[in-house]
Amino acid sequence: MIVEVEAYGGPLDGPWPDAASHSFRGFGGRNWVMFGPAGRLYTYRSHGIHVCANVVCATDGVAGAVLLRAGAVEAGIDVAQARRGDSTPPPALARGPGNLCSALGITMDDNGIDLFDAESPVRLTPSEEHVGADGPRVGVSKAADRPWRFWLAGRQEVSLYRRSPRAPALGESD
DNA sequence: GGTAAGATCAGC
DNA sequence: CTGATCTTACCT
């Protein structure tokens with residue numbers, strides 16, 4: 001169950017201008033999925049090491065996505081631990097976007113798949129859980145104060161907030 | 001064609 | 001605080 005997400009917009013001329021988004025500078029090499037139809041998985045490699053996953057959200061032709069930042073593993077704890085390390089405590093298995101992909105076995109090969117197709121190796125099902133809290137996004141140096149991170153309050157699986165050291169002082173970022 | 005920064009994480 | 005080390009953007 002996803003317990004923490006972050007919203008990312010698109011270019012200046014779109015509905016959600018967002019300098020922190022991969023799609024801010026327009027359609028390109030890695031971000032093409034973000035411009036496609038909603039419900040697809042957009043994966044990217046972070047710092048050369050980790051894979052992070054987004055759910056594409058806007059209509060076809062408009063860039064917008066939600067980064068999956070943390071989840072609670074409700075089934076297959078043993079499988080997730082085999083991927084992350086057997087001594088990893090369950091709440092930490094999918095805490096953080098890189099760890100979440102590791103625990104779920106999401107790789108760059110999954111980029112662009114349809115999350116609502118029963119045939120897909122990764123799928124998403126809506127839940128009744130409501131958003132509990134919001135705040136600024138983790139690690140972004142642009143638009144660092146924009147409260148576009150959402151999580152379920154009180155859940156142990158939610159990652160810790162870290163402001164980017166490269167972000168301007170509080171209040172000086174758009 | 002070079003270089004630096006980045007939607008990260010684990011280990012000192 | 002640092003290193004790991006891929007991808008792109010933004011220079012020259």
Side-chain angles (χ1 to χ4, degrees), chain A residues 2-14 16-36 38 40-58 62-73 80-112 115 122 124 131 133-151 156-170 172-174:
Chain A
I2 304 300
V3 301
E4 180 191 355
V5 298
E6 277 173 2
Y8 285 89
L12 267 183
D13 57 6
W16 312 286
D18 183 8
S21 174
H22 289 167
S23 54
F24 184 61
R25 292 157 207 284
F27 187 95
R30 76 172 165 181
N31 66 22
W32 60 273
V33 176
M34 276 190 83
F35 290 82
R40 307 254 249 249
L41 193 72
Y42 163 53
T43 58
Y44 68 91
R45 191 167 298 281
S46 177
H47 290 257
I49 315 262
H50 304 99
V51 174
C52 299
N54 297 248
V55 179
V56 176
C57 291
V62 176
V66 162
L67 171 69
L68 305 180
R69 284 203 54 89
V73 179
Q81 279 181 324
R83 291 171 176 146
R84 292 270 289 117
D86 290 326
S87 58
T88 309
L93 282 171
R95 178 191 290 140
N99 291 336
L100 182 143
C101 285
S102 172
L104 294 183
I106 294 175
T107 70
M108 287 303 293
D109 288 343
D110 297 313
N111 192 30
L115 290 166
V122 185
L124 193 61
V131 169
D134 62 78
R137 296 175 290 189
V138 174
V140 294
S141 60
K142 307 289 177 58
D145 303 327
R146 198 179 291 187
W148 278 9
R149 173 179 178 238
F150 305 92
W151 65 92
Q156 289 190 45
E157 299 86 359
V158 175
S159 65
L160 292 176
Y161 175 65
R162 297 256 72 30
R163 187 182 182 86
S164 168
R166 288 171 291 280
L170 223 162
E172 291 180 16
S173 183
D174 46 39

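Basis for what follows: all heavy atoms, side chains included, without hydrogens, waters or symmetry-related copies. Proteins come first, then strands; the chains are lettered A, B, ... in the order of their sequence lines, and each starts at number 1.
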Quick one: does any side-chain atom of A/Arg137 pair with a main-chain N or O of A/Ala7 as donor and acceptor, under 3.5 Å?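 Indeed, once roles are kept as given, a pair shorter than 3.5 Å links the two residues.
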
Is there a donor-acceptor pair closer than 3.5 Å between any side-chain N or O of A/Ser141 and the backbone N or O of A/Ala167?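 No; judged by distance alone, with no hydrogens or angles, the pair does not exist.
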
DNA chain C base-pair string [pairs: Watson-Crick or G-U under 3.5 Å; |: paired with another strand]: ||||.||||||.

Touch check for [X], heavy atoms < 4.0 angstrom, all strands: base, sugar-phosphate only, or nothing?
X	answer
A/Ser164	nothing
A/Met108	nothing
A/Arg25	sugar-phosphate

Once side-chain hydrogen bond (donor to acceptor under 3.5 Å, both in side chains) is applied, do any residues pair with [X], and if so which ones, sequence neighbours excluded?
X	value
A/Thr88	none
A/Glu6	A/Tyr8
A/Arg146	none
A/Arg45	none

Roughly, in whole Å, what's the span from [atom1] in [X] to [atom2] in [N]?
X	N	atom1	atom2	value
A/Arg146	B/dA7	CZ	P	14 Å
A/Leu68	B/dT8	CG	C1'	15 Å
A/Ile106	B/dT8	CD1	P	16 Å
A/Tyr44	C/dA9	OH	P	15 Å

Hey, which of these two, A/Ser21 or A/Arg84, hits DNA chain B nearer its 5' end, going by closest nucleotide?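 Its nearest nucleotide being more 5', the pick is A/Ser21.
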
If only side-chain N and O atoms of A/Arg163 are considered, is one of them under 4.0 Å from the OP1 or OP2 phosphate oxygen of B/dA7?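 Checking A/Arg163 against B/dA7: no side-chain N or O falls below 4.0 Å of OP1 or OP2.
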
[X]: which residues meet the side-chain contact (heavy atoms from CB on, under 4.5 Å) condition with it, sequence neighbours left out?
X	value
A/Val66	A/Val5, A/Cys57
A/Leu170	A/Asp145, A/Arg163
A/Pro89	A/Pro91, A/Ala92

List the atom pairs, donor and acceptor, that lie under 3.5 Å between side-chain atoms in residues 95-104 of chain A and the rest of the protein, sequence neighbours left out.
residue : atom : partner  : partner atom : Å
A/Arg95 : NE   : A/Gln156 : O            : 3.2
A/Arg95 : NH2  : A/Gln156 : O            : 2.5
A/Asn99 : ND2  : A/Arg95  : O            : 2.8

So if I take residues 92-101 of chain A and measure heavy-atom distances to DNA chain B, which residues fall below 4.0 Å?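 Within this stretch, A/Gly96, A/Pro97, A/Gly98, A/Asn99 sit under 4.0 Å of the strand.
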
N/O contacts under 3.5 Å, protein versus nucleotides 2-7 of chain C?
residue : atom : partner : partner atom : Å
C/dC6   : O4'  : A/Gly48 : O            : 3.4

Listed pairs under 3.5 Å, donor-acceptor, residues 19-28 of chain A side chains, sequence neighbours left out:
residue : atom : partner : partner atom : Å
A/Ser21 : OG   : A/Gly9  : O            : 2.8
A/Ser21 : OG   : A/Ser23 : N            : 3.2
A/Ser21 : OG   : A/Ser23 : OG           : 2.9
A/His22 : ND1  : A/Tyr42 : OH           : 2.8
A/His22 : NE2  : A/Arg30 : NH2          : 3.2
A/Ser23 : OG   : A/Gly9  : O            : 2.9

Can you tell me, in whole Å, how much space there is between the C1' of B/dA10 and that of C/dT7?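 About 22 Å, rounded to a whole number of Å.
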
